[in-house]
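Structure record follows, encoded as structure tokens.
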Amino acid sequence: MEHDADRRVVWYLLLAMAVAGLGLVWPADAVFVSTALLSLAGSGLGGVGLLRHPASRLNFFRVAAVTIGLFSSLGGLFSLLALSIQQAGLWTDVIEQAHTTSTDLALAQAYANAFALTLWLVGNRVQQTGRITRLHRTALAALTDHRRRLQGLVGLLLLTQGYLLAIGAVVYGGRDLAQDGAPTHPLLALTGPLVPVMPVVLGYYARDQYIRGRYRHVLLYGLLLTVELGWFFLFGRRSVFFFFGLAGLGILFDRPLSRPFRLKNSLALLLTAMMAFALADAYHRLRVVYRFEAAQRMSGWEMLTGLWQADTDEYSALRNRNLALRAGYGSLALGQFVNLFRTSSQSPLLGQQLVGSLLVATPSDFLVDKQTIEVKEKLYEHAFGIGLTDISETLYLESFVDFGGLGFIVYAGFLTALVGLVYRLASSDRRPVFALLTACVLVSLALSMLETDMITFLIGLRSVLVCYALAWLLSPKRTPAPQSATDGQNASGEAPS
């Protein structure tokens with residue numbers, strides 16, 4: 001049954017890629033829409049598979065593939081529909097200003113599908129080895145058998161966050177724009193990538209205490225989750241959605257989300273989604289009404305009291321236009337480079353972006369002065385002579401700019417090598433707390449595939465490796481419990497290796 005679902009995911013994505021090729025002979029929005037709809041269907045099926053099997057949710061490759069497929073297609077479709085409703089011909093004007101066409105957008109979606117499909121197939125292979133199941137089992141052991149250690153880790157991270165807020169190292173928008181270019185505070189650089197463990201742990205213990213009937217403890221964990229939500233809120237709209245996704249992972253860490261379960265809890269899921277969208281909208285409202293510079297100099301009370309006094313109609317118009325444009329940024333950015341390479345003599349960068357990302361992600365300037373390294377928009381502008389501002393950076397965009405149509409193979413192979421190493425360390429060493437930390441960080445990185453760059457990705461993995469080194473130095477190895485002979489099926493429905 002599961003293998004049939006996997007095949008449907010593959011076939012939908014391949015069909016979408018084939019339809020995108022029609023754009024070369026029939027340049028019409030209909031081709032782009034058809035490609036995006038088929039991509040959305042295939043990725044949606046993959047997402048349903050993740051809901052059904054708890055262990056699969058820790059599979060970085062599967063989660064990343066679903067994230068890329070869903071949000072690349074959904075963003076382009078939403079942008080086209082929203083802009084067309086707002087004003088006739090506005091969509092055409094936008095893609096012309098972005099130096100792309102409907103054909104290029106369809107081909108861009110096909111390339112995103114190729115990237116996602118490669119990760120999906122790698123994820124299937126990793127799943128079959130049983131490594132993800134072992135990681136899930138070990139991480140669950142950390143939650144059940146190492147409660148005090150995890151509570152201590154949560155307390156330490158909360159204290160660190162409070163300190164960073166008190167000294168102004170973290171403000172609305174993440175970092176103070178007045179300190180742009182200054183080094184990241186060492187504590188933020190060390191603990192920032194590890195924060196995804198917080199909502200997972202707090203969510204799991206909140207559900208555990210609810211099941212035990214300890215409602216005062218449930219309120220305590222709920223309060224801590226609310227505090228942590230405030231931290232995620234400061235870093236942006238996407239961080240708000242990441243928080244709810246990670247908290248949901250913790251609450252349902254070992255619980256399959258079957259269709260009856262989803263129907264029974266549909267109201268709770270709907271209210272949660274509405275809360276996430278409301279908070280994301282509040283973040284955006286602050287950005288539109290005050291701008292980052294002004295908001296970062298105001299107290300929370302000042303922002304809230306003046307926020308709702310702003311012109312609602314004017315704000316709504318700005319929000320709707322900005323939301324429609326931002327949703328399509330990923331498609332438009334990739335479509336622009338598809339058009340550039342397809343219609344001009346410009347050629348890919350042959351790995352300059354990847355090399356630059358590796359250098360920038362090094363812990364310090366001991367290899368090279370990072371200020372002299374050109375990456376992302378500055379590199380693209382210098383190499384191709386095009387003006388770019390605030391584009392949506394994604395790994396599949398970087399792979400295409402670096403290596404062209406076959407770039408997804410290079411980047412997917414690079415990700416496979418790095419993440420495979422991390423999985424090997426986390427699943428074979430039997431240090432439960434490290435396994436849980438690894439799972440949380442990798443899921444967070446997979447969810448951020450809708451807009452993240454290689455530098456951010458490498459920094460996240462670097463933090464995981466630092467934690468492994470500390471765990472190796474500070475704790476003895478834990479001998480794994482012998483597997484029961486009756487353990488014939490794992491949480492993902494596969495026989496363990």
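- Atoms OG and CG, on Ser72 and Asn113 in that order, are 6.0 Å from each other to the nearest 0.5 Å.
- For the pair His185 (side chain) and Leu187 (backbone), a donor-acceptor distance under 3.5 Å is present.
- Between Ala280 and Arg237 the shortest heavy-atom distance is O-CG, 3.2 Å.
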*Would you please test Thr394 and Glu398 for side chain to side chain donor-acceptor pair (under 3.5 Å) and show each step?*
CA-CA 6 Å; Thr394 58; Glu398 292 185 0; over 6 Å; no
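- The salt bridge (charged side-chain N to carboxylate O under 4.0 Å, His left out) search around Asp93 returns none, not counting sequence neighbours.
- When all heavy atoms are compared, the tightest approach of Ala169 to Leu188 is O-CD2, 4.2 Å.
- Using a distance-only test at 3.5 Å, with no hydrogens or angles considered, no donor-acceptor pair links the side chain of Ser444 to the main chain of Cys440.
- Pairing each heavy atom of Arg57 with each of Leu252, the nearest pair is NH1-O, 2.6 Å.
- Asp453 pairs by the salt bridge (charged side-chain N to carboxylate O under 4.0 Å, His left out) definition with Lys376, not counting sequence neighbours.
- To the nearest 0.5 Å, the span separating NE2 on His382 from CD on Glu374 amounts to 5.0 Å.
- The backbone N or O of Ala30 sits less than 3.5 Å from a side-chain atom of Ser34, completing a donor-acceptor pair.
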*Hey, mind stepping through Tyr411 and Tyr396 against side chain to side chain contact (heavy atoms under 4.5 Å, CB included) and telling me if it holds?*
CA-CA 8 Å; Tyr411 267 60; Tyr396 51 94; over 6 Å; no
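- The aromatic ring centres of Phe60 and Phe457 sit less than 6.0 Å apart.
- Closest of all the heavy-atom pairs between Ala106 and Phe32 is N-CD1, 3.8 Å.
- The salt bridge (charged side-chain N to carboxylate O under 4.0 Å, His left out) test applied to Arg342 returns Asp104, not counting sequence neighbours.
- Formation of a donor-acceptor pair under 3.5 Å by the Thr100 side chain with backbone atoms of Leu332 is not found in this model.
- Shortest non-hydrogen contact noted between Phe384 and Ser347 is CE2-O, 3.3 Å.
- Within the 3.5 Å criterion, the main-chain N or O of Arg207 finds no donor-acceptor partner in the side chain of Tyr221.
- Using modelled atom types, one finds no donor on one side chain facing an acceptor on the other under 3.5 Å when comparing Glu96 with Thr92.
- A distance-only check finds a donor-acceptor pair linking the side chain of Asp402 to the backbone of Leu354 [under 3.5 Å].
- Smallest separation of non-hydrogen atoms from Ala108 and Gly335: CB-N, 3.8 Å.
- In this structure a side-chain-to-backbone donor-acceptor pair under 3.5 Å is missing from Thr456 to Thr452.
- Note that CD of Gln161 and CG of Leu164 are 8.0 Å apart. Values are rounded to the nearest 0.5 Å.
- Phe337 pairs in a ring pair (Phe, Tyr, Trp, His ring centres under 6.0 Å) with only one of the listed residues (Phe400, Tyr111, Tyr380), which is Tyr380.
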*Step by step, work out the side chain to side chain donor-acceptor pair (under 3.5 Å) result for Gln127 and Ser56.*
CA-CA 8 Å; Gln127 196 84 17; Ser56 295; 3.3 Å; yes
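- You'll find the ring centres of Phe115 and Phe408 outside the 6.0 Å limit.
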